[in-house]
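Worksheet: one structure, shown below.
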Amino acid sequence: MKIPSRLSIANMPTPIQKLSHISQLLHKNVYIKRDDYTGNEWSGNKIRKLEYALNEAIQQGATTVITCGGLQSNHARATTAVANHLGLKTHLVLRGAKQEHPQGNLLLNEIMGAQISYLEPEIFNRDYLNYMEQLKTDYAQKGIQAYIIPIGASNGIGNFGYYNCFQEIKAQEEDLSIQFDTIVTTVGSGGTYGGLFLGNLLENYPKKIVGFNISSTPDYFKSEITEIVKASLAIMNCEATFNTEDIQIIGGYEGIGYALTQPFELEFIKKIASLEGLILDPVYTGKAFRGLYNEIEKGTFDNSQNILFIHTGGLSGLHSFSAQFNF
Ligand SMILES: *Cc1c(COP(=O)(O)O)cnc(C)c1O
């Protein structure tokens, strides 16, 4: 079994903290892994995947990285930051229009000087894959080798980021003398869940890995994650098999869609921030943690003792929601 090599950029291992007030309220040990501390400019979960993807890009001789996402994509911002750090150029394909006064992640991308193609939402949804391929061809014609990273870096290679995180968690369990029976994460493009699932699969499922989707449906992500994990197994030359039904994703917390928010979801973010001094974001962790909180109350996690929630980041995106909060 061969794990691909990676760059070493992220600030890791990230700390694990107990959420003591929430644990008391819910009569359950709830811990949080601070993957929002993986860096500043490249904070969040994407850097773990980019360590593998960009290593491959460099090995292949690429000098420009092409990737895509929403206007406030954390993944796009992390990619620009790491690419600049490595001396690579970035070309982003973003869903939406250029802003006169960019905020949050978009502001950071503009400051860092990413080349950005803004696509109308309908055109983006229909065509972003072709658009990135065309950009790569255009660069090639100018003698520049480009490397495409798919949305969220959620593919076979990027998936090793959270395979590696699973190993990190096991080492921390030794240090902390705690066994996490359940690991919970947001599912946005699937590679965080997929990597954790892969780690768990190769040890015959010692833990429960539970995802909360923040857009689309659990079934959609179960099949996406199946493909991502299979691609990783192929890279490893590993024969392990699994069933799509082993992938546990709880729906019902995606709300009105990707990056769209409702007042009660923002109120939940305020509640957690008041209780613990912990900031969740409206697009990802706020929805998923609300899911975990409600499902613990409903008894879905009655068989879990020590639950570890992965804080995948998102603080930069929060700032663009300022006007929607009620204070
Ligand atoms: C991208 C992202 C996620 C989702 O992770 P996936 O691996 O894409 O499923 C969760 N939280 C934050 C803050 C993100 O930026």
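Position 1 is the first residue of the sequence, and the numbers go up from there. Counting starts at 1 for both ligands and their atoms, in listed order. Because the structure is predicted, anything quoted here is derived from the model rather than measured.
At a 4.0 Å heavy-atom cut-off, ligand 1 touches Asn45 through the side chain alone.
Residues Asn45 and Thr312 have side chains that never bring a donor and an acceptor to within less than 3.5 angstrom of each other. Checking Asp246 against Tyr205 by side-chain atom types alone, a donor-acceptor pair falls below 3.5 Å.
Looking at Asn130 and Tyr128, their side chains never come closer than 4.5 Å, going by heavy atoms from C-beta outward.
Counting the atoms of ligand 1 from 1 in the order shown, those under 4.0 Å from a heavy atom of Gly313 are 13 (C). Taking every heavy atom of Val187 and a limit of under 4.0 angstrom, the matching atoms of ligand 1 come to 9 (O). Close approach to Lys49 involves these atoms of ligand 1, each under 4.0 Å from a residue heavy atom: 6 (P), 7 (O), 8 (O). Taking a cut-off of under 4.0 Å to the non-hydrogen atoms of Gly314, the atoms of ligand 1 that pass are 13 (C). Ligand 1 places these atoms under 4.0 Å from at least one heavy atom of Thr312: 10 (C), 11 (N), 12 (C), 13 (C). Residue contact check: Thr192 has heavy atoms under 4.0 Å from atoms 5 (O), 6 (P), 7 (O) of ligand 1. Per-residue contacts place Asn74 under 4.0 angstrom from the following atoms of ligand 1 (heavy atoms of the residue considered): 13 (C), 14 (C), 15 (O).
For Tyr193, no nitrogen or oxygen atom sits less than 3.5 Å from a nitrogen or oxygen atom of ligand 1, counting backbone and side chain alike. Looking at His75 next to ligand 1, no N or O pair under 3.5 Å apart turns up. Below 3.5 Å of separation, one finds an N or O of Gly190 facing an N or O of ligand 1.
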TODO: Apply side chain to side chain contact (heavy atoms under 4.5 Å, CB included) to Thr79 and Lys46, showing your working.
DONE: CA-CA 8 Å; Thr79 301; Lys46 300 310 180 311; 5.9 Å; no
Open item on the list: As a quick check of understanding, evaluate side chain to side chain contact (heavy atoms under 4.5 Å, CB included) for Val229 and Phe242, giving each step before the final call.
Closed with: CA-CA 9 Å; Val229 174; Phe242 63 96; 3.6 Å; yes
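Of all protein heavy atoms, the one lying nearest to atom 2 (C) of ligand 1 is Lys46 NZ, 2.4 Å. Looking at atom 6 (P) of ligand 1, its nearest protein heavy atom turns out to be Ser189 N, 3.4 Å.
Phe166 has its ring centre no less than 6.0 Å from the ring centre of Phe160. For Tyr193 and Phe221, the distance between ring centers is not under 6.0 angstrom. A centroid separation of less than 6.0 Å is found between the aromatic rings of Phe309 and Phe289.
With Gly194, Gly188, Gly211 as candidates, the residue nearest to atom 4 (C) of ligand 1 on a non-hydrogen basis is Gly188.
Annotation: Glu239, atom CD; neighbour count of heavy atoms from other residues, nucleotides and ligands within 6.0 Å does not exceed 12.
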